[in-house]
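Position 1 is the first residue of the sequence; numbering continues from there.
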Amino acid sequence: MLFNRRIVAIPLMLVVSFLVASTSSFAQAVIWAGGNGPWFSNPSNWSLSIGGSPFLPPNGPGITANIGTASGLGPITGTVTLNGPVNLPYGISLGNGAAGGLIVNSAANTLTAGTMDVGFSGPGTSTLAISNGGVVNGSYVYFGATTGSSGSATVSGAGSQWNVSTQFLVGDNGQGALSIQTGGAVSTSNAIVGAFSGSSGSASVSGAGAKWTDSGALTIGASGSGHLTIQSGGSVSSAQGNIGTGASSGSVLVTGAGSQWAVTGTFLDVGFGGSGSLTIQNGATVNITNSTGGLGTGFIGTNGGTGAVTVAGAGSQWNMDSLEVGSGNGSLNIQNGGLVNAGSTFIGTFGGSSGTATVSGANSQLIGYQLDVGYEGQGTLAITAGGQVNDVIGFVGAVSGSTGNVLVDAGTWTNSDLLDIGVNGTGGVTVEDGGDLSAGSIEVGGNGILNIDPATVDVSGNFTLDANGILSLDIAGITPGLFSQLDISSFGLFHGTIDFHFIDGFAPTTGESFDLINALGADFSDATIQIEGLEPGFQYTGTFADGHFTLVADNNGVSSSTPEPSSLWLVATALAVLALAGLRRNLKSRSEPVQGLV
């Protein structure tokens with residue numbers, strides 16, 4: 001049963017970027033006079049006004065610091081190196097009308113600033129560099145605070161830290177860039193990359209020991225454009241994650257062995273009302289573990305948004321308790337040995353939603369307990385070119401009003417227990433080109449079709465074809481492998497239509513036989529046999545004996561078939577017919593019941 005949806009709480013963005021010169025009537029602004037130099041040592045480097053008398057280097061309550069200031073004489077730029085501990089509860093502004101820079105490069109020289117603007121206003125890019133064990137602490141940080149402004153920061157080296165307790169916006173209304181490099185660490189709460197409309201933000205976590213820890217929801221693209229790269233062994237940890245919320249776009253790339261994003265709370269949302277993408281490649285890992293004991297869930301395309309996730313390459317993994325692909329419009333692509341491990345996967349979750357998933361390439365895998373393709377909405381799954389899907393129970397068209405479509409094309413789908421196809425909703429499964437479908441039991445419902453084109457389907461338990469359901473078996477020749485087979489280890493109950501479809505121009509000659517259905521026991525008394533792909537006049541005998549249903553040609557057939565369209569189109573067409581015509585296709589070939597074959 002699908003669990004209750006949670007409400008995503010995007011952090012309230014009381015984003016009032018502090019122009020340090022006017023933050024508070026109680027704060028006195030101290031301005032850097034320009035050029036490069038140390039914070040302390042030369043009092044003439046600081047003043048209370050442009051060109052004013054020297055003032056003590058800013059430190060302590062009631063004072064703010066401006067580095068990079070506009071003046072009537074032109075921009076006053078410069079970079080200051082911290083050479084002693086500084087505590088500015090009222091904060092610091094880098095770039096207030098002109099570019100300003102700050103370097104913190106010693107553990108002995110810690111900066112504590114209530115609010116920090118890295119690029120408040122004006123042209124140029126203001127910069128902050130934390131290295132060699134330097135430490136910066138604060139409450140509020142804004143990169144690119146106003147429209148047209150730009151700020152960047154780098155945190156690198158063992159012991160280098162930036163700890164921000166309340167708000168951290170990379171790209172507030174302007175542009176922001178954050179780089180966390182080998183050994184550097186950033187700690188935030190409810191950080192946002194690309195906060196407001198028109199803003200853009202980027203963040204990179206790169207190298208062994210590089211780490212970004214967020215105690216709340218880390219949002220990449222809130223109303224602006226945001227991008228996060230985790231690479232070369234870097235790591236990110238957050239309680240929740242949002243990629244592309246509202247009218248925004250967000251993208252995350254996690255790449256390289258040892259690179260990871262650990263979501264320790266309830267969810268990671270890719271495309272929540274906006275456009276979001278997540279790429280996990282080259283051995284990287286994303287985990288949603290929910291340390292509180294509830295479900296850790298991945299959402300792709302929710303709340304009317306569009307989301308896309310790609311997991312590619314050997315060792316690349318996305319692990320979680322539950323996955324929803326398309327509560328709005330979502331797509332999942334697992335390729336080239338990637339792995340997605342989810343306890344339950346729902347593709348096309350809610351009414352009106354659309355979800356697609358592709359598992360392609362050798363050792364590419366989707367693993368879980370339950371798989372629903374078309375839960376309440378429309379879902380499509382393609383397993384191709386050696387891709388593998390493994391689950392315990394599967395539902396194609398799970399709920400009334402839903403539509404599910406699965407293609408197994410030279411791939412493998414293993415259901416260790418039950419597979420339902422179109423029992424409640426409308427569902428279709430096609431197995432072709434050496435594809436392998438196996439299940440503990442299969443039920444093809446009254447709104448379902450199983451198309452075996454040619455391939456073999458193995459059922460270790462019972463097989464049921466409900467009234468109005470369709471089982472289609474393709475025949476392209478007399479050689480094994482050119483005709484379809486349904487192998488049932490227990491009992492087969494056939495109440496619907498069995499469609500024998502001669503394809504690729506093949507027509508049988510008198511006496512040729514095809515062993516198509518094998519079962520320990522079977523009841524065909526309510527089944528209807530249909531022949532497709534041959535001109536009228538073909539005569540045949542169908543018998544079930546010694547556990548085999550065999551079709552024997554009583555005369556020479558004449559092909560009427562044309563080359564087959566793509567299998568996904570075939571299934572989609574069949575599903576439309578099922579829905580509109582009550583599962584009975586009006587074929588020009590003969591339809592007749594098989595009586596007493598028990």
Side-chain angles (χ1 to χ4, degrees), residues 365-371 373 381 383 388-397 406-423 427-446 448-467 469-475 479-501 513-529 542-552 594 596-598:
Q365 298 181 67
L366 173 61
I367 297 175
Y369 178 82
Q370 179 174 336
L371 173 61
V373 183
L381 169 63
I383 310 165
Q388 304 171 31
V389 174
N390 296 277
D391 56 67
V392 177
I393 53 176
F395 300 90
V396 183
V406 178
L407 170 66
V408 185
D409 181 354
T412 301
W413 185 12
T414 302
N415 298 265
S416 61
D417 197 341
L418 169 69
L419 173 59
D420 276 3
I421 304 170
V423 174
V429 175
T430 290
V431 187
E432 67 178 19
D433 293 338
D436 184 11
L437 170 62
S438 62
S441 64
I442 293 179
E443 181 176 359
V444 180
I449 177 171
L450 173 59
N451 179 32
I452 310 175
D453 176 33
T456 299
V457 172
D458 294 301
V459 185
S460 60
N462 295 325
F463 178 90
T464 302
L465 178 65
D466 293 340
I470 296 175
L471 170 64
S472 180
L473 299 166
D474 285 0
I475 304 170
T479 304
L482 292 180
F483 57 87
S484 301
Q485 285 192 306
L486 173 63
D487 293 334
I488 307 166
S489 296
S490 188
F491 192 81
L493 182 60
F494 298 85
H495 292 296
T497 298
I498 304 174
D499 178 10
F500 297 118
H501 187 190
S513 64
F514 307 91
D515 185 6
L516 300 167
I517 300 173
N518 305 303
L520 185 64
D523 183 353
F524 293 89
S525 59
D526 292 327
T528 298
I529 301 295
T543 60
F544 180 75
D546 298 324
H548 305 286
F549 180 93
T550 303
L551 183 74
V552 179
V594 178
L597 297 177
V598 179

K.L.:
Roughly how far, to the nearest 0.5 Å, is the OG atom of Ser472 from the CD1 atom of Ile498?
P.N.:
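The OG atom of Ser472 is 11.0 Å from CD1 of Ile498, to the nearest 0.5 Å.
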K.L.:
Does any donor atom in the side chain of Ser525 or Asp523 lie under 3.5 Å from an acceptor atom in the other side chain?
P.N.:
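Yes, a side-chain donor-acceptor pair sits under 3.5 Å.
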K.L.:
Among all residues two or more places apart in sequence or in another chain, which pass the ring-ring contact (aromatic ring centres under 6.0 Å, His included) test with Phe494?
P.N.:
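Checked Phe494 against ring-ring contact (aromatic ring centres under 6.0 Å, His included); matches are Phe463, Phe524.
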K.L.:
In chain order, what residues pass the side-chain contact (heavy atoms from CB on, under 4.5 Å) check against Ser441, with sequence neighbours excluded?
P.N.:
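Expected list: Leu418.
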K.L.:
Measure across Ser513 and Val552 and return the closest heavy-atom pair with its distance rounded to 0.1 Å.
P.N.:
CB-CG2, 3.8 Å
K.L.:
How close do Leu516 and Leu473 get, counting heavy atoms only, and between which atoms?
P.N.:
CB-CD1, 4.1 Å
K.L.:
For the CZ atom of Phe514 and the OG atom of Ser484, what is their distance to the nearest 0.5 Å?
P.N.:
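One gets 11.5 Å once the value is rounded to the nearest 0.5 Å.
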K.L.:
Heavy atoms only: give me the nearest Asp466-Gly445 pair and the separation to one decimal.
P.N.:
OD2-CA, 3.4 Å
K.L.:
Return the CG to OG1 distance between Asp436 and Thr414, rounded to the nearest 0.5 Å.
P.N.:
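Rounded to the nearest 0.5 Å, the CG-OG1 separation comes to 6.0 Å.
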K.L.:
If I take atom CZ from residue Phe395 and atom CG from residue Leu419, how far apart are they, to the nearest 0.5 angstrom?
P.N.:
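If we round to the nearest 0.5 Å, Phe395:CZ and Leu419:CG are 9.0 Å apart.
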K.L.:
Could you go through Ile449 and Asp499, starting from their C-alpha distance and side-chain angles, then the distance that decides it, and tell me whether this counts as side chain to side chain contact (heavy atoms under 4.5 Å, CB included)?
P.N.:
CA-CA 10 Å; Ile449 177 171; Asp499 178 10; over 6 Å; no
K.L.:
I need the Asp433 CG to Asp409 CG distance, nearest 0.5 Å.
P.N.:
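Asp433 atom CG to Asp409 atom CG measures 4.5 Å (nearest 0.5 Å).
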K.L.:
For the residue pair Ala519 and Gly492, what are the closest heavy atoms and their distance?
P.N.:
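Minimum heavy-atom contact is CB-N, 4.5 Å.
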K.L.:
Please tell me if the side chains of Asp474 and Asn451 come closer than 4.5 Å, counting only heavy atoms from C-beta onward.
P.N.:
yes
K.L.:
Locate the shortest heavy-atom distance separating Ala455 from Gly435; write the atom from each residue and the value.
P.N.:
CB-O, 3.7 Å
K.L.:
Got Asp515 and Gln485 here, is their nearest side-chain heavy-atom distance under 4.5 Å?
P.N.:
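Touching, per the 4.5 Å side-chain cut-off.
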K.L.:
Do Val459 and Leu486 come close enough that some side-chain heavy atom pair is under 4.5 Å?
P.N.:
yes
K.L.:
Which residues satisfy the side chain to side chain donor-acceptor pair (under 3.5 Å) test with Asp458, sequence neighbours excluded?
P.N.:
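Partners of Asp458 by the side chain to side chain donor-acceptor pair (under 3.5 Å) criterion come out as none, since no residue qualifies.
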K.L.:
Less than 4.5 Å apart, side chain to side chain, heavy atoms only: is that true for Leu520 and Phe491?
P.N.:
no
K.L.:
Look up atom CD1 in Ile442 and atom CD1 in Ile488, then write down how far apart they are to the nearest 0.5 Å.
P.N.:
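These two atoms lie 8.5 Å from each other.
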K.L.:
Answer yes if the side chains of Asn462 and Ser490 hold a donor-acceptor pair under 3.5 Å, and no otherwise.
P.N.:
yes
K.L.:
For Val389 and Leu371, which heavy atoms make the closest approach, and how far apart are they?
P.N.:
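The answer is CG1-CD2, 3.8 Å.
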K.L.:
For the pair Asp526 and Leu493, evaluate side chain to side chain contact (heavy atoms under 4.5 Å, CB included) and give the outcome as yes or no after the intermediate values.
P.N.:
CA-CA 9 Å; Asp526 292 327; Leu493 182 60; over 6 Å; no
K.L.:
Residues in side chain to side chain donor-acceptor pair (under 3.5 Å) with Asp391, at least two apart?
P.N.:
Trp413
K.L.:
Which residues pass the side chain to side chain donor-acceptor pair (under 3.5 Å) test with Ser489, not counting sequence neighbours?
P.N.:
none
K.L.:
With Asn518, which residues qualify under side chain to side chain donor-acceptor pair (under 3.5 Å), at least two apart?
P.N.:
Asp487, His548
K.L.:
Which residue, Leu437, Val396, Val406, Thr430, forms the side-chain contact (heavy atoms from CB on, under 4.5 Å) with Leu450?
P.N.:
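When side-chain contact (heavy atoms from CB on, under 4.5 Å) is applied between Leu450 and each of Leu437, Val396, Val406, Thr430, only Leu437 qualifies.
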